[in-house]
> 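Handing you a structure now.
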Amino acid sequence: MKKSFIVLALLAIIAIPAFAQYWTTRSTYDPFRNGDKSIGLSVGTGMWFGPSDAISVGSDYGTNKGRVITNVSRPPLNPSIALHYKRVLQGNTVDRGNSLFLSYSRWGGKIEGNNSGNDTASVKWSFTDKYNWSELLITDMFYIMVPIGERIRINAGVGLSIGMCLKPKSEYTRSDGYSSSNFTMEFFDLLISRIDAMVGVDYALSDSFSVNANIMAWPLDVFGALTDHKNMRSAGEELYVNTKLPFQLTAGFTYSL
């Protein structure tokens, strides 16, 4: 995965200036009629403002009877990469920005526990569930940009993300030998529609290149609010993990068209 990100980033660094030159000299298509336009790339990592917890649904019956969750952990590195198309409309004191992102992200974590809650169990066991999934998103973001000097802009805005979940996976293992590696996610886990909020900063290195750093959060997950277990996502074996208030820290660059 890391190698793939490195290769993609290198290709983008090489290809984006050439593509921008071609677009401005040969192409008549312009998705934004007005403003200063640029394209670029950003990378980052995702985390959550919400608590790190999970629930076990099937702990009252069957093979999972008495199952108790003892620990839920989520890594600080949930990588993301995005292609970025941006326009800026100059104002007298405040500029306006509009960005489109096509992004790919991976999320995951681990749930641990045992069946000590079942006092009558003849065999005691512990379990580990390592889960992950990917997301492909299109994000449309509108924001204001407050200039500070000639090179720096502070940004704040809102937007909408739509997309889908890809390649959900769970590796569930127990100390008594039972294991499973495949599961079917709920329908609303596969669809993504989120309201976005973003704050960040842009710094102009030159007339053509700018670098940026942003924090983008999703205060409302439309489909997540419709599931049976609100703001929880299936992690396999009737386990659900909290996905409330995810956010991403990103850094990137844009090249003027």
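Just so you know, residue 1 is the first one in the sequence shown, and it goes up from there. Fair warning: this is a prediction, and the values are worked out from it, not measured in the lab.
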> Any heavy-atom pair between the side chains of W107 and N132 that's under 4.5 Å?
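Heavy-atom side-chain distance check fails, nothing below 4.5 Å.
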
> Check K86, R87, H84 against S99 for a side chain to side chain donor-acceptor pair (under 3.5 Å) and give me the one that passes.
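Answer to the side chain to side chain donor-acceptor pair (under 3.5 Å) test with S99 among K86, R87, H84: H84.
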
> Between the side chains of E237 and S170, is a donor N or O closer than 3.5 angstrom to an acceptor N or O?
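No, S170 and E237 have no side-chain donor paired with an acceptor closer than 3.5 Å.
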
> Before we go on, tell me: are the rings of W218 and W48 under 6.0 Å apart, centre to centre?
no

> Please tell me whether S105 and Q248 have a donor and an acceptor in their side chains that are separated by less than 3.5 angstrom.
yes

> For Y104 and S134, which I'm curious about, is there any donor-acceptor pair between the side chains at under 3.5 Å?
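Yes - a donor-acceptor pair under 3.5 Å links their side chains.
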
> Say whether, by atom type as modelled, one donor and one acceptor occur between the side chain of N214 and the main chain of M216 under 3.5 angstrom.
no

> Closer than 4.0 angstrom, basic N to acidic O: yes or no for D129 and K110?
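Not counted as a salt bridge, because no side-chain N and carboxylate O are separated by less than 4.0 Å.
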
> Between R194 and S161, do the side chains contain a donor N or O and an acceptor N or O under 3.5 Å apart?
no

> Check this for me, if you would: do D221 and R233 make a salt bridge, where the nitrogen-to-carboxylate-oxygen distance has to be below 4.0 angstrom?
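R233 and D221: not salt-bridged.
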
> Could you tell me whether the side chains of D202 and N212 share a donor-acceptor contact shorter than 3.5 Å?
no

> Within a reach of under 6.0 Å around CZ of R96, are more than 12 heavy atoms found that belong to other residues, nucleotides or ligands?
no

> Does the side chain of P147 come within less than 4.5 Å of D95's, by heavy atoms?
yes

> Without hydrogens or angle criteria, can the side chains of T173 and Y178 be said to hold a donor-acceptor pair below 3.5 Å?
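Short answer, no.
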
> Would the distance check show the side chain of T254 and the main-chain N or O of F209 forming a donor-acceptor pair, the cut-off being under 3.5 Å?
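Side chain of T254 to backbone of F209, a donor-acceptor pair under 3.5 Å: no, none is there.
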
